[in-house]
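First comes the structure, then the notes that go with it.
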Amino acid sequence: VNLANHTLQLVNQSFAQTSINISIPDNSTITKPIHILLLTEDNLDINDLNSAWLINPQININLGKQSQAQVIFHACLNGKNNLWQNANCKITCENNSNLEYTLLQHGNSTGLQTVTTQINLAKNSNVNSQLITYGNPATRTEIQVNMPEAGAEYNLACLVLAQHKAIQDINLHINHDAKHTSSNTI
């Protein structure tokens, strides 16, 4: 991926404050959902220069060969501060793996929320993804899917519940770099 063309990925990677790494070994089936909750509360003072105004985590999910899992990533911005919650999620699926991935973006009445997700699919791997965004005055969601090997499949179902004058910016880039790859969006 040429990061020069992906400004949010550059910002996310250079200012990442915390990281979560989830690695699922080869030939594993995780039967219960993995729930990642990014909760930003209203106890931050945006007038205090030592207080965080940019919440910027990095989440890495690696699914081994012939593995299955379900991940729910819930980015929730609570309170009334003008904070920027800016998450970066990188998902790598090895051969013959299957991931159910749900991204929930829920915000307050004044903050900005961005989530950039990069998904790399190996041969015969599959990601079924759901995006649900609600309650935000301004949301940017960028999803980039790379399918460099045959048999990879990506499916996305999206639901946006926007308030009056809300800005919802959703960008989806799917790279079918190999023959016999497929994608569906709703």
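Atom set for the values below is all heavy atoms of this structure, side chains included, hydrogens, waters and symmetry mates excluded.
- S67 and P25 get closest at one heavy-atom pair: OG-O, 2.5 Å.
- Taking the side chain as every heavy atom from C-beta outward, Q66 and N95 never approach each other to under 4.5 Å.
- Between L63 and S97, the shortest heavy-atom contact is CD2-CB, 3.7 Å.
- The OH atom of Y101 sits 15.5 Å away from the CG atom of N155 when rounded to the nearest 0.5 Å.
- Residues L103 and I167 are members of separate hydrophobic clusters, defined by side-chain heavy-atom contacts under 4.5 angstrom among Ile, Leu, Val, Met, Phe, Trp and Tyr.
- Side-chain N/O atoms of E100 and N128 include a donor and acceptor closer than 3.5 Å.
- One finds no salt bridge joining D26 and K65 here, because no Lys/Arg side-chain nitrogen approaches an Asp/Glu carboxylate oxygen to under 4.0 Å.
- Between I22 and I34, the closest side-chain pair of non-hydrogen atoms falls below 4.5 Å.
- Rounded to the nearest 0.5 Å, atoms CG (L131) and CG (L172) are 9.5 Å apart.
- Counted by atom type alone, T102 and Q130 present one or more donor-acceptor pairs between their side chains at under 3.5 Å.
- Side chains of T116 and N88: no donor on one and acceptor on the other come within 3.5 Å.
- Contact record, V127 with C93: CG2-SG, 3.7 Å, taken as the closest heavy-atom pair.
- Between N171 and D169, the side chains place a donor N or O and an acceptor N or O closer than 3.5 Å (distance only, hydrogens not considered).
- Here the side chains of N184 and L156 are not in contact, with every heavy-atom distance at 4.5 Å or above.
- Under 3.5 Å, the side chains of Q105 and T141 contain a donor-acceptor pair of N or O atoms.
- A donor atom on one side chain and an acceptor atom on the other are not found under 3.5 Å apart for N98 and Q68.
- The hydrophobic clustering, which links ILVMFWY residues whose side-chain heavy atoms are closer than 4.5 Å, places I36 and V115 together.
- A pairwise comparison of heavy atoms in H176 and S183 identifies NE2-OG, 3.0 Å as the closest pair.
- Qualifying side-chain contact (heavy atoms from CB on, under 4.5 Å) partners for H74, counting only residues two or more places apart in sequence or in other chains: H35, L37, C76, L104, H106, Y134.
- Between the CD1 atom in I91 and the CD1 atom in I59 there is a gap of 9.0 Å [rounded to 0.5 Å].
- Atom CD of residue E153 and atom CG of residue N126 lie 4.5 Å apart, to the nearest 0.5 angstrom.
- A single hydrophobic cluster is seen to contain both I170 and Y154, as judged by linkage of ILVMFWY side chains at heavy-atom distances under 4.5 Å, directly or through other members.
- Both I20 and L99 belong to a single network of hydrophobic side chains, linked directly or stepwise wherever heavy atoms of I, L, V, M, F, W or Y lie under 4.5 Å apart.
- Just one residue in the list N120, I119, N21, T117 forms a side chain to side chain contact (heavy atoms under 4.5 Å, CB included) with K90, and that residue is N120.
- Closest non-hydrogen pair, A152 versus L121, comes out as CB-CB, 3.8 Å.
- Between V71 and I61, some side-chain heavy-atom pair lies under the 4.5 Å cut-off.
- Between the CG atom in N124 and the OG1 atom in T181 there is a gap of 11.5 Å [rounded to 0.5 Å].
- For the residue pair S125 and E94, the shortest heavy atom distance occurs at CB-O, 3.5 Å.
- To the nearest 0.5 Å, atom CD1 of residue I143 and atom SG of residue C89 are 10.0 Å apart.
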